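What follows is one structure encoded as C-alpha cells, with my remarks underneath.
As a basis for the values below, the full set of heavy atoms in this structure was taken, side chains included, without hydrogen atoms, waters or symmetry mates. The structure displayed is predicted, hence computed values, not measured ones.
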Amino acid sequence: MEQCSRLRLCKSGFVFAILSCFTISDADGSNGLCNADLSSFLPFPYSNLPDMVCQPLWNSYLLRYSKSKDNEITIVLSTIYTSGWVGIGFSRDGKMLNSSCIVGWVNLEGQGRIKQFHIKGYTPSEIKVDQGELPLTNVPPYVAVQGATIYLSFQLKFNTTLKTQPILLAFSAKTPRHHHLTVHEDKTTIYFDFSSGKYEDASVDSSSHSVLKDRRTHGTLAVLGWGLFLPTGAILARYLSHKDRVWYYFHVVLQFIGFLFGVAAVIVGLSLYNKMHVVFPAHKGIGIFVLVMTILQVLAFFTRPSSDSKYRRYWNWYHNWLGRICLLFGAINVVLGIHIAGAGPGWKIGYGFLLGSILVIVIVLEALLRLRRSAEADKHPAFSMNSIEHEISL
C-alpha cells in the first residue's frame, strides 16, 4: 500500500520530473543518478555492481551493468514510472518480432511484477509470457519502485563475450492484465556496445519512418477502396437501377476507383511485409483473395451479355453474389488489419462510423425497395390460369 501511495503522489509530479531530465546537464544529472545507493531497495547482486558501467539512454532510461570474466552480466535498468509497464528487449536484427524481453510493472494491488516475454507475433496471443531466449541465471529477476523511478534487475550468462547488441526499449501507461501486455505508447531501438558502454540510436533510421508511413498508407487505401468506393458503387447498382441509365455510369466509375485503391493497398501491404519481416497469414490471404475476386469483377464488365441475352440472368447472379462476397471479406480484412496494427482509437472510431453508416443506409434502402416492389405487385397482380378459368366459367 505504501508503494501505491507513492505512485499516486508521483503522478502529479510526472511532468516536472520529465522536464527535469532535459534541463539538467549530463555531467551533473547522469552522475547523480548513477551514484544512487541501490543497496537500500535492491537485493544482492543487483545492489552491488563491481566496475559498474552507467549509461543514460533514450528519454529517462538509465542502464547500469556489470560484467564478470565468465561472460556473466548483471543489468539494472531504471526509468521514470507512474503506471503501466516498462520493458527492455534483446533482438537479433533490431526488430520486435522474435525478440525476448524483460518487462516490469506494478499491478493494481501495488505488487511488483517482472517477467520474460517472447514476441512471436504482434497479436496478444502471440506474446508468450515466461518464454524467451535470454540466458537468465539462477538469480531471480527483481523489480522495485523507489520514489518516481522503477528498477528492472536481471542477470544473464552468455557463452561468448557480449559486444554490440540491438536493444529495444518500450513503455505503456496501461497495466497488464493476467500477464497480457497492452500496446506500447512509444518504443525505440538502439545498438549498445557492452564492451565500450556506447550506443547508436537506430530510431532515427529512415526505414522506421518509411514503415510507419507505409502502414498508414496501406490502411488508408484499404479503407477508401473496400470501405467506401466499392460499397457505394454496389449501393447505387442495387437501389437506383430503376432510375435513368446515369446510375450505371456512376456505378462503373466508383467500382473502378475502388478497384484501383484496393490494388494499391495490396501492393503497399506486400511491400510492408518485406520491410517488417512479419507474417500475418490470415490478413495477407484474405487481402489476396479479395483482390482476385475484384479482378474477376472487372473482367465480368467486359463479358457482360446484352439485356435480351438468355445468359444475362446467370451473369447477374454471378456478378451480384461475387460482389457481395468481396465486400464482406473486404470489411473483415480492414477490421483485422486495424487489430493487427494496434491502431489508435481514431482508426477504430472512424472506420466503425463509416461501416455503421453504410449498414444503416443499406437497411433503409432495402426496406424502401421491398415496399416499392410490394406496391408494384399490388398494382399489377400476377397473371394466373385460375382467373381465366373463372372468366370462362362465367
| query | Ion pair present between Asp130 and Lys115, side-chain N to carboxylate O less than 4.0 angstrom? | reply | yes
For [X] and [Y], which heavy atoms make the closest approach, and how far apart are they?
X	Y	value
Gly227	Ile358	O-CD1, 3.2 Å
Ala234	Leu327	CB-CD1, 3.8 Å
Gly225	Pro231	O-CD, 4.1 Å
Cys101	Gly89	SG-CA, 3.7 Å
Gly104	Val143	CA-CG2, 4.4 Å
Val268	Asp214	CG1-O, 3.5 Å

Distance from [X] atom [atom1] to [Y] atom [atom2], nearest 0.5 Å?
X	Y	atom1	atom2	value
Leu49	Leu38	CG	CG	6.5 Å
Leu108	Thr175	CG	OG1	5.5 Å
Ile190	Gln55	CD1	CD	8.5 Å
Asp193	Thr164	CG	OG1	4.0 Å
His319	Arg304	NE2	CZ	8.5 Å
Thr79	Leu77	OG1	CG	7.0 Å

Does some side-chain heavy atom of [Y] sit less than 4.5 Å from a side-chain heavy atom of [X]?
X	Y	answer
Lys187	Leu169	no
Leu236	Leu254	yes
Tyr142	Ile114	no
Val290	Trp226	yes
Leu152	Val76	no
Ile102	Leu134	yes
Leu296	Met293	yes
Pro45	Val139	yes

With a 3.5 Å distance limit and no angle check, can you tell me whether [X] reaches the backbone of [Y] through a side-chain donor-acceptor pair?
X	Y	answer
Gln165	Ser91	yes
Asn98	Lys120	no
Asn320	Asn316	yes
Arg312	Pro305	yes
Tyr61	Ala170	yes
Ser99	Met96	yes
Ser100	Glu133	yes
Ser357	Phe353	yes
Tyr81	Val106	yes
His218	Ala265	yes

Consider only side-chain heavy atoms of I, L, V, M, F, W and Y, link residues closer than 4.5 Å, and tell whether [X] and [Y] are in one cluster.
X	Y	answer
Phe41	Phe44	no
Tyr249	Val298	yes
Leu221	Phe329	yes
Tyr46	Ile73	no

| Derivation and outcome, side chain to side chain donor-acceptor pair (under 3.5 Å), residues Glu366 and Tyr239 | CA-CA 8 Å; Glu366 185 69 22; Tyr239 301 110; 2.6 Å; yes
Flag if over 12 foreign heavy atoms under 6.0 Å of [atom1], [X]:
X	atom1	answer
Asp70	CG	yes
Lys157	NZ	yes
Phe158	CZ	yes

| request: Quick one: do Phe192 and Tyr65 satisfy ring-ring contact (aromatic ring centres under 6.0 Å, His included)? Show the steps, please. | output: CA-CA 12 Å; Phe192 194 89; Tyr65 69 94; 5.7 Å; yes
Can you check whether [X] and [Y] have ring centres sitting under 6.0 Å from each other?
X	Y	result
Phe261	Phe229	yes
Trp315	Tyr318	no
Phe250	Tyr248	no
Tyr314	Trp317	yes

| field | Check against side chain to side chain donor-acceptor pair (under 3.5 Å), Thr74 and Gln155 | value | CA-CA 4 Å; Thr74 304; Gln155 192 176 75; 2.8 Å; yes
| request: Indicate whether the side chain of Ser78 and that of Thr149 have a donor and an acceptor atom separated by less than 3.5 Å. | output: no
